[in-house]
Amino acid sequence: MASLAEVLARETREGELYERLADGRLRCYACGHCCPLPTGAIGVCKVRFNEGGTLRVPWGYVGGVQCDPIEKKPFFHAHPGALAYSFGMLGCDLHCSYCQNWVTSQALRDPAAVAPPLEASPEALVRDALRLKARVLVSTYNEPLITSEWAVAVFKEAKAAGLSTAYVSNGNGTPEVLEYLRPWVDFYKVDLKSFDDRHYRQLGGRIEPILDTIRRLFAMGFWVEIVTLLIPGFNDSPEELTRLTEFLAGVSPDIPWHVTAFHADYKMTDPPNTTADMLLGAAEIGRRAGLRYIYAGNLPGQVGDLEDTRCVKCGETLIERYGYMIRSYRITPNGCCPGCGTNVPGRWSNRFEGQIASRPFLPGSRHLLNVLRR
Ligand code: SF4
């Protein structure tokens, strides 16, 4: 039986995000590692490789498909209540020891991560998303940057069908990949894991490409939301959180910042779980830094009004949430507070059409997706 790496090496085509260097190597630009690849070499992500002077990249499969409320991604200022049809491939350019998607992201590094790839086409994915009345198609679960050619193929089909599109990403991008994605990606969530380069190096990356990506995403007009998983003892010092939130507020005080609770996962089982008080303390730091839309996640009902969207001018509650569930929605069709008329930054639907699901579910369409032959 073929190994997972052998199966995935078969499911590839020539990539678009690379150049040939003068010394004969290839330079990949899909993520901030910018790997220089001699013939026969594979990138840090383990899914892109140089085969005889051509960069081969993943194509034609998914590692998983799931229907999520868009609030789970989380996007709170982009079509609240929408169903986000979510797909991932396999592999990642980082190796976070607390990854909550490790079965797909670490499939090529960790033999315990068994995620059988499923054959897929852009047309079948979009057809299924429309059948389920999804409004957004999302590349997530593994790191989407490293499989950007495939995501763009799916998103071209999605946009032709009138859907919005999104990336849920670690933000380890390059100027080249962001230019490539700009016509096809509407919403972009970055997981800003820390504000300390030493921490990023523990996870297999560097902080600078991530900060540069956040600045560029905002300047290029993507709708951006940021998430920080608050891990006690790792990234929760007031000093680090102050620098992190001051950086975000410097890019724009209107970027929503989600600070979410950690629970033990994968190989990180030592730190205690994040408490509601820790989230409230981090939110207060963000508020002092100037951020205007701060949300506390993963502890529904325990964080006061930090699940809700409020008008920054008059304080009126505009969207009331419990976990992923929308309890009330009062934003006007033109994206304003109904009380004082203040604009609320985001990408709003003309009207709130209710919520298809407030919890994830499988699409029940696996007949569309055959497990790839080993
Ligand atoms: S996606 Fe990133 S890790 Fe993978 S080959 Fe390209 S630059 Fe290297």
Side-chain angles (χ1 to χ4, degrees), residues 4-21 23-63 87-97 99 101-102 104-110 113 115 117 139-155 167-182 184-185 188 190-191 193 197 200-214 216-217:
L4 179 59
E6 287 164 346
V7 172
L8 296 189
R10 217 169 54 209
E11 305 300 322
T12 58
R13 65 155 223 186
E14 183 178 0
E16 296 177 353
L17 286 159
Y18 79 101
E19 66 172 6
R20 293 194 168 81
L21 301 176
D23 61 8
R25 293 181 301 172
L26 307 180
R27 167 119 32 220
C28 175
Y29 288 116
C31 89
H33 290 316
C34 295
C35 296
L37 299 170
T39 298
I42 190 162
V44 172
C45 58
K46 309 264 188 237
V47 292
R48 298 167 76 93
F49 57 93
N50 179 344
E51 183 180 70
T54 298
L55 186 75
R56 304 292 300 181
V57 305
W59 196 262
Y61 70 90
V62 292
F87 66 92
M89 294 187 95
L90 296 173
C92 190
D93 54 325
L94 302 183
H95 46 78
C96 307
S97 57
C99 183
N101 290 319
W102 65 276
T104 48
S105 71
Q106 303 302 315
L108 288 137
R109 286 199 181 89
D110 186 335
S139 184
T140 177
Y141 306 134
N142 77 319
E143 173 47 47
L145 286 168
I146 68 172
T147 47
S148 283
E149 288 92 344
W150 169 249
V152 163
V154 176
F155 288 172
Y167 256 30
V168 171
S169 164
N170 62 30
N172 187 27
T174 64
E176 291 83 356
V177 74
L178 298 184
E179 287 293 339
Y180 181 75
L181 296 174
R182 181 56 292 221
W184 308 110
V185 176
Y188 202 116
V190 175
D191 192 1
K193 299 166 191 288
D197 190 56
Y200 263 104
R201 285 178 192 267
Q202 284 173 26
L203 309 177
R206 294 179 297 123
I207 194 169
E208 206 41 56
I210 290 151
L211 302 186
D212 189 53
T213 295
I214 292 172
R216 284 178 190 275
L217 286 167

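First listed ligand is number 1; within each ligand, the first listed atom is number 1. The figures here come from the full heavy-atom set of this structure, side chains too, leaving out hydrogens, waters and symmetry mates.
Looking only at protein heavy atoms, the nearest one to atom 3 (S) of ligand 1 is C45 N, 3.3 Å. The nearest heavy-atom contact from the protein to atom 8 (Fe) of ligand 1 is C35 SG, 2.2 Å. Looking only at heavy atoms of the protein, atom 2 (Fe) of ligand 1 is closest to C31 SG, 2.3 Å. Here the heavy atom of the protein found nearest to atom 5 (S) of ligand 1 is G43 CA, 3.6 Å. Looking only at heavy atoms of the protein, atom 1 (S) of ligand 1 is closest to R48 CD, 3.4 Å.
The shortest distance between side-chain heavy atoms of I210 and K193 does not fall below 4.5 Å. Counting heavy atoms from C-beta on, the side chains of T174 and C34 come closer than 4.5 Å.
Note: N50 CG to Y18 OH = 8.0 Å, rounded to the nearest 0.5 Å. Atoms CZ and NE2, on R27 and H33 in that order, are 13.0 Å from each other to the nearest 0.5 Å.
Listed by atom number, the atoms of ligand 1 under 4.0 Å from I146 heavy atoms are 1 (S). Contact atoms of ligand 1 toward A30: 1 (S) (distance under 4.0 Å to a heavy atom of the residue). Residue C28 approaches ligand 1 through these ligand atoms, each under 4.0 Å from one of its heavy atoms: 1 (S), 5 (S), 6 (Fe), 7 (S). Of all atoms in ligand 1, listed by their number and element, those nearer than 4.0 Å to a heavy atom of H33 are 3 (S).
Minimum heavy-atom separation, T12 to A9: OG1-O, 3.0 Å. The nearest pair of heavy atoms linking W59 to E149 is CZ3-O, 3.5 Å. Nearest heavy-atom pair across N170 and D93 is ND2-OD1, 3.0 Å.
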